[in-house]
S.K.: 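Quick one: structure below, then a few questions.
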Amino acid sequence: MLAEKKSFMREPAVTIILDMVDKVHINVLLTGILEAPLLKDWLQKVPESGNPDALLLALKLHDKLPLEMRNLCKMLSHACNPSDLFTPEHMLLLVPALKETSFCHPRVHSVWQVLVDILFADLAVVNEDATSSHSSKKTKKSKKRNSPEKNLARRLSSFWEVVVEGSLLSSSHDRKHLAIDIFLMLLQRIPASCVQIVVSYKFVHCLLDILSAKDSHLYKSAQHCLQETVNWCENDDERRAAVVIALQQSSNGKFDNISRTRTIRKLVSKFVTKAGCLLFGQKLTGLFLEGTPTQLNESSLDKSLTEEEVEMLSVGVTSVGEDIENLSEEAKDSDDVLRDSLQHLLVLK
């Protein structure tokens, strides 16, 4: 009753209900809590009502609800599992509720963490299974056929395009700030193969618009976002290559110039090993030839490059001693030559 009258009390009220649900016996839940008239009213809220707390309640209680109550739950009427929840059509239904979470600014509403947990649920299960040393060959083949990363990519794409790009980035400063917060939540959990989904053209341009002027309303937030992204990929060649390519692709190769930072230069300078340089070079080659960075394992890098490409990309790395002697005194050291050539390829693209 209090939550109906005071909007700022809704989320705490839902949190208390959910805590009670987790602690009581199933019989008490079915005959007591779930029979409360106001609770039923909330579960039957239409998506157009824009009530994020009703959505939070529905998401958390969905698996515990009897079938007849699930059918009455209009927020999730078409979502029986995570794949259904993250279809573009269903994401559109949830946009009004998710947009309204910006009233919590600068705090992030609890419903976002619940959504992110559901989004990555399959990947979390696979990671847990991977820690087990007793997985059969049949299970491994099944996992390859039903790639969790591919399923995640599909769900993440519709979530990002419909909710973040379609409703948050095109709205107020508070909602753009929320989009940055959601990006940082996702960044800590996505595999490198999904980087280009979230480091998208619209998101990068939002950051560039903010970073291009120091008096921008969200300047510090954008700076923090960029620094967290650098920290996330700084010590991982696969992540770093994906981030550099995504940032440069979305800025016509001028990310550092427009953002007035040295982000790309700093990240490219971190490719200091032969494996890292070849990985980055191969992704650039795939991007130049096919329009998308190639996904190759380390053992296939040398095979997929021509001898000329390997020589160009690994100059000063494969035979450091002889190559350095042949360079003139004015030339940079071999690793700098390699990194400069890689940067040049990226800008050309």
S.K.: Do Cys233 and Leu267 have side chains that get closer than 4.5 Å, going by heavy atoms?
M.R.: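 Contact flag for Cys233/Leu267 side chains = yes.
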S.K.: Report yes or no: does Arg70 contribute a side-chain atom to a donor-acceptor pair with the main-chain N or O of Asp63 at less than 3.5 Å?
M.R.: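 At least one qualifying donor-acceptor pair exists.
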S.K.: Is a side-chain N or O of Ser167 found less than 3.5 angstrom from the main chain of Val164, in a donor-acceptor match?
M.R.: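 Answer holds: no.
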S.K.: If two hydrophobic side chains count as joined below 4.5 Å and joins carry through other members, does Leu72 share a cluster with Leu43?
M.R.: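 Result: no, two separate clusters.
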S.K.: So do the side chains of Leu85 and Leu115 get within less than 4.5 Å of each other, counting heavy atoms only?
M.R.: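 Result yes, sub-4.5 Å side-chain heavy-atom pair found.
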S.K.: Glu11 side chain to Ser110 main-chain N or O, any donor-acceptor pair under 3.5 Å?
M.R.: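 Such a contact is found between Glu11 side chain and Ser110 backbone.
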S.K.: Rounded to the nearest 0.5 Å, how far does CZ of Phe103 lie from CG of Leu178?
M.R.: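 Between atom CG of Leu178 and atom CZ of Phe103 there are 11.5 Å.
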S.K.: Which distance, rounded to the nearest 0.5 Å, do you find between the CD1 of Ile264 and the OG of Ser259?
M.R.: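 It is 7.5 Å, given to the nearest 0.5 Å.
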S.K.: Apply side-chain contact (heavy atoms from CB on, under 4.5 Å) to the pair His217 and His177, showing each step before the final yes or no.
M.R.: CA-CA 10 Å; His217 186 71; His177 188 283; over 6 Å; no
S.K.: Could you pull out the closest heavy-atom pair between Ala242 and Ala192, with the gap in Å?
M.R.: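 Answer, listing the atom of Ala242 first, then Ala192: CB-O, 3.8 Å.
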S.K.: Apply side-chain contact (heavy atoms from CB on, under 4.5 Å) to the pair Arg189 and Asp117, showing each step before the final yes or no.
M.R.: CA-CA 10 Å; Arg189 300 176 70 166; Asp117 288 342; 2.7 Å; yes
S.K.: Start with the C-alpha gap between Glu149 and Cys194, add the side-chain angles, then the distance that decides, and say whether side-chain contact (heavy atoms from CB on, under 4.5 Å) holds.
M.R.: CA-CA 8 Å; Glu149 285 193 18; Cys194 292; 5.6 Å; no
S.K.: Minimum heavy-atom separation for Leu92 to Pro96, with atom names?
M.R.: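 Nearest heavy atoms, Leu92 then Pro96: O-CD, 3.7 Å.
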S.K.: Do Met75 and Val46 sit in the same hydrophobic cluster, where Ile, Leu, Val, Met, Phe, Trp and Tyr count as joined when their side-chain heavy atoms come under 4.5 Å apart?
M.R.: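 As far as the 4.5 Å side-chain criterion goes, Val46 and Met75 are not connected within one cluster.
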S.K.: Tell me, please, whether Phe271 has Arg240 positioned over its six-membered ring: NZ or CZ under 6.0 Å from the ring centre and within 45 degrees of its axis?
M.R.: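 Judged by the rule, Arg240 and Phe271 form a cation-pi pair.
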S.K.: Does the distance from a Lys or Arg side-chain N to an Asp or Glu carboxylate O, for Glu161 and Lys202, drop under 4.0 Å?
M.R.: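 Result for this pair is no, no salt bridge flagged.
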S.K.: Taking side chain as C-beta onward, heavy atoms only, is Thr87 less than 4.5 Å from Ser158?
M.R.: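 A side-chain contact is absent here, since even the closest heavy-atom pair is not under 4.5 Å.
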S.K.: Taking C-beta and beyond as the side chain, do Asp122 and Arg155 meet within less than 4.5 Å on heavy atoms?
M.R.: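 A side-chain contact exists here, since the closest heavy-atom pair is under 4.5 Å.
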S.K.: Write down the atom of Cys206, the atom of Lys176, and the distance for their closest heavy-atom approach.
M.R.: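 Closest heavy-atom pair between Cys206 and Lys176: SG-CD, 4.3 Å.
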S.K.: For the residue pair Cys225 and Ile180, what are the closest heavy atoms and their distance?
M.R.: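 Minimum heavy-atom contact is CB-CG2, 3.6 Å.
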S.K.: How far does NE2 of His173 sit from OG of Ser221, to the nearest 0.5 angstrom?
M.R.: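 Output value for this atom pair is 11.0 Å.
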S.K.: How long is the gap from CZ on Arg239 to CG on Leu187, to the nearest 0.5 Å?
M.R.: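 Result: 7.5 Å between the selected atoms.
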S.K.: Answer whether the closest heavy-atom distance between the side chains of Ile17 and Lys60 falls below 4.5 Å.
M.R.: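 Answer no - side chains too far apart.
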S.K.: Please give me the minimum heavy-atom distance between Leu119 and Leu156, naming the atom from each residue.
M.R.: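 In terms of heavy atoms, the two residues are closest at CD2-CD1, 3.7 Å.
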S.K.: Between CG of Asp237 and CG of Leu279, what distance do you get to the nearest 0.5 Å?
M.R.: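 Answer rounded to 0.5 Å: 6.0 Å.
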S.K.: Does any non-hydrogen side-chain atom of Val163 lie less than 4.5 Å from one of Trp112?
M.R.: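 Trp112 vs Val163: side chains touch.
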S.K.: Evaluate the side-chain proximity of Ser216 to Leu211: yes if any heavy-atom separation is below 4.5 Å, no if none is.
M.R.: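 No, their side chains stay 4.5 Å or more apart.
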S.K.: Given side chains that start at C-beta, do those of Phe255 and Leu226 come closer than 4.5 Å, heavy atoms only?
M.R.: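 The answer is yes; the side chains approach within 4.5 Å.
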S.K.: Could you go step by step and tell me if Asp209 and His205 meet the side-chain hydrogen bond (donor to acceptor under 3.5 Å, both in side chains) rule?
M.R.: CA-CA 6 Å; Asp209 286 342; His205 270 251; 5.4 Å; no
S.K.: So which pairs with a foot in residues 166-175 pass salt bridge (charged side-chain N to carboxylate O under 4.0 Å, His left out), sequence neighbours left out?
M.R.: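 Salt bridge (charged side-chain N to carboxylate O under 4.0 Å, His left out) check on residues 166-175 returns Glu100-Arg175.
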S.K.: Indicate the atoms forming the closest heavy-atom contact of Ile258 with Ser251, along with that distance.
M.R.: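 Looking at all heavy atoms of both residues, the closest pair is CD1-O, 4.2 Å.
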S.K.: Any luck finding a side-chain donor-acceptor pair between Glu228 and Gln188 under 3.5 Å?
M.R.: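 On atom types as modelled, these side chains do not qualify, holding no pair under 3.5 Å.
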S.K.: Using 0.5 Å steps for rounding, measure from the CG atom of Leu55 to the CH2 atom of Trp42.
M.R.: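 Rounded to the nearest 0.5 Å, the CG-CH2 separation comes out at 11.5 Å.
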S.K.: Quick check on Arg107: does its CZ atom have over 12 non-hydrogen neighbours (other residues, nucleotides or ligands) under 6.0 Å away?
M.R.: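 Yes, CZ of Arg107 has more than 12 neighbouring heavy atoms, counting only those of other groups under 6.0 Å.
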S.K.: Is it true that Met20 and Val114 fall in one hydrophobic cluster, defined by side-chain heavy atoms closer than 4.5 Å?
M.R.: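 Linked, Met20 and Val114 end up in one cluster.
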S.K.: Begin from the C-alpha positions of Leu18 and Lys23 and carry the test side-chain contact (heavy atoms from CB on, under 4.5 Å) through to its verdict.
M.R.: CA-CA 9 Å; Leu18 294 174; Lys23 294 175 181 177; over 6 Å; no
S.K.: Among Leu94, Ile197, Ile182, Val198, which residue satisfies the side chain to side chain contact (heavy atoms under 4.5 Å, CB included) criterion with Phe159?
M.R.: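 Passing option: Ile182.
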S.K.: Following the transitive rule for hydrophobic clusters with a side-chain heavy-atom cut-off under 4.5 Å over Ile, Leu, Val, Met, Phe, Trp and Tyr, establish whether Phe183 and Tyr219 coincide in one cluster.
M.R.: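 In one cluster with Phe183: Tyr219, yes.
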S.K.: Salt bridge check: are Glu238 and Lys283 linked by an N-O gap of less than 4.0 Å?
M.R.: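 Judged by the 4.0 Å cut-off on N to carboxylate O distance, Glu238 and Lys283 do form a salt bridge.
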S.K.: Consider only side-chain heavy atoms of I, L, V, M, F, W and Y, link residues closer than 4.5 Å, and tell whether Tyr201 and Leu287 are in one cluster.
M.R.: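 Unlinked, Tyr201 and Leu287 end up in two clusters.
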S.K.: Given Asp53, which of Lys45, His109, Arg10 fulfils the side-chain hydrogen bond (donor to acceptor under 3.5 Å, both in side chains) condition?
M.R.: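 Among the candidates, only His109 passes.
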